Structure formats: C-alpha cells, structure tokens
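Everything below concerns the one structure shown next.
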Amino acid sequence: MMKKKTLDNASQEKDVDDEDSKQGYINDDGDLVEFQTMTFKDLKKYADENDITVSSTIKTKAQIIELIVAAEDDE
C-alpha cells in the first residue's frame, strides 16, 4: 500500500515552495509523485487503490485530481 500525503504536508520534507505546490503522494521509495504528472488512467488506478469512487461523470484529469484531493482532505 502506498503511503499517502499531499505535497503540502510533505513540503517541509521535500523543501517545496508553497506557491508552486501541487497535490501528490509519497510513493514507497519516499519520492513525491505529483498528480499533475500522472495520466488519467494512473489517477483512476490510484483512486481505486485508495477506495475513492470515481463516477462515470468524471472525464478530465482536473476533475479526478479534484476528487482525489477532496477525498484525502476528508480523511
């Protein structure tokens, strides 16, 4: 299972400028993976692996990223 964090939470560890921060997660190797760099298919897989339901109305990368971020903020 992947260790989930947002870039905002990991910014101290990765020394990331807040203005440029994007949402992402820390993978098993401890590397930050930004959602913006992932394909729609990879984002869908990430959502499925993290029990985030993606409805059939979600059609764009921006929509699925918004959904993932909102779901993780609720945790």
Side-chain angles (χ1 to χ4, degrees):
M1 182 56 91
M2 288 182 254
K3 187 171 155 185
K4 295 186 295 181
K5 289 188 180 182
T6 62
L7 180 59
D8 294 334
N9 293 340
S11 62
Q12 292 177 351
E13 296 172 18
K14 296 292 181 181
D15 195 30
V16 175
D17 183 31
D18 285 340
E19 290 180 19
D20 296 328
S21 65
K22 296 178 183 172
Q23 300 298 323
Y25 71 96
I26 305 298
N27 67 14
D28 292 335
D29 295 328
D31 297 324
L32 174 67
V33 178
E34 294 179 352
F35 293 138
Q36 289 292 334
T37 64
M38 298 170 71
T39 64
F40 185 88
K41 184 177 177 180
D42 290 337
L43 288 163
K44 173 80 169 85
K45 181 179 175 186
Y46 175 86
D48 291 343
E49 289 173 350
N50 290 281
D51 299 322
I52 300 169
T53 303
V54 179
S55 75
S56 60
T57 61
I58 303 291
K59 301 290 184 193
T60 68
K61 211 166 112 168
Q63 289 174 321
I64 197 167
I65 290 170
E66 184 177 329
L67 175 71
I68 291 169
V69 170
E72 291 184 345
D73 283 346
D74 289 342
E75 290 182 353

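Side chains are part of it too, since the values below use all heavy atoms of this structure and drop only hydrogens, waters and symmetry mates. Everything numeric here is computed off the predicted structure, so don't read it as measured data.
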Between CD on residue Gln23 and CD on residue Glu72, distance to nearest 0.5 Å: 8.0 Å
Derivation of the side chain to side chain contact (heavy atoms under 4.5 Å, CB included) call for Phe40 and Ile58: CA-CA 10 Å; Phe40 185 88; Ile58 303 291; 4.2 Å; yes
Value for CG (Asp28) from CD1 (Ile26), rounded to nearest 0.5 Å, stands at 11.0 Å
For Leu43, the option from Ile65, Asp48, Leu67 that meets side-chain contact (heavy atoms from CB on, under 4.5 Å): Ile65
Interatomic distance, Tyr46 atom OH to Ile52 atom CD1 [nearest 0.5 angstrom]: 6.0 Å
Indicate yes or no for a side-chain donor-acceptor contact from Lys61 to the backbone of Met38 under 3.5 Å, with no hydrogens or angles considered. yes
Less than 4.5 Å apart, side chain to side chain, heavy atoms only: is that true for Val54 and Ile64? yes
Please round to the nearest 0.5 Å and tell me the distance separating atom CG of Asp29 and atom CG of Asn27. 5.0 Å
State, with a plain yes or no, whether a side-chain heavy atom of Asp42 is found less than 4.5 Å away from one of Phe35. no
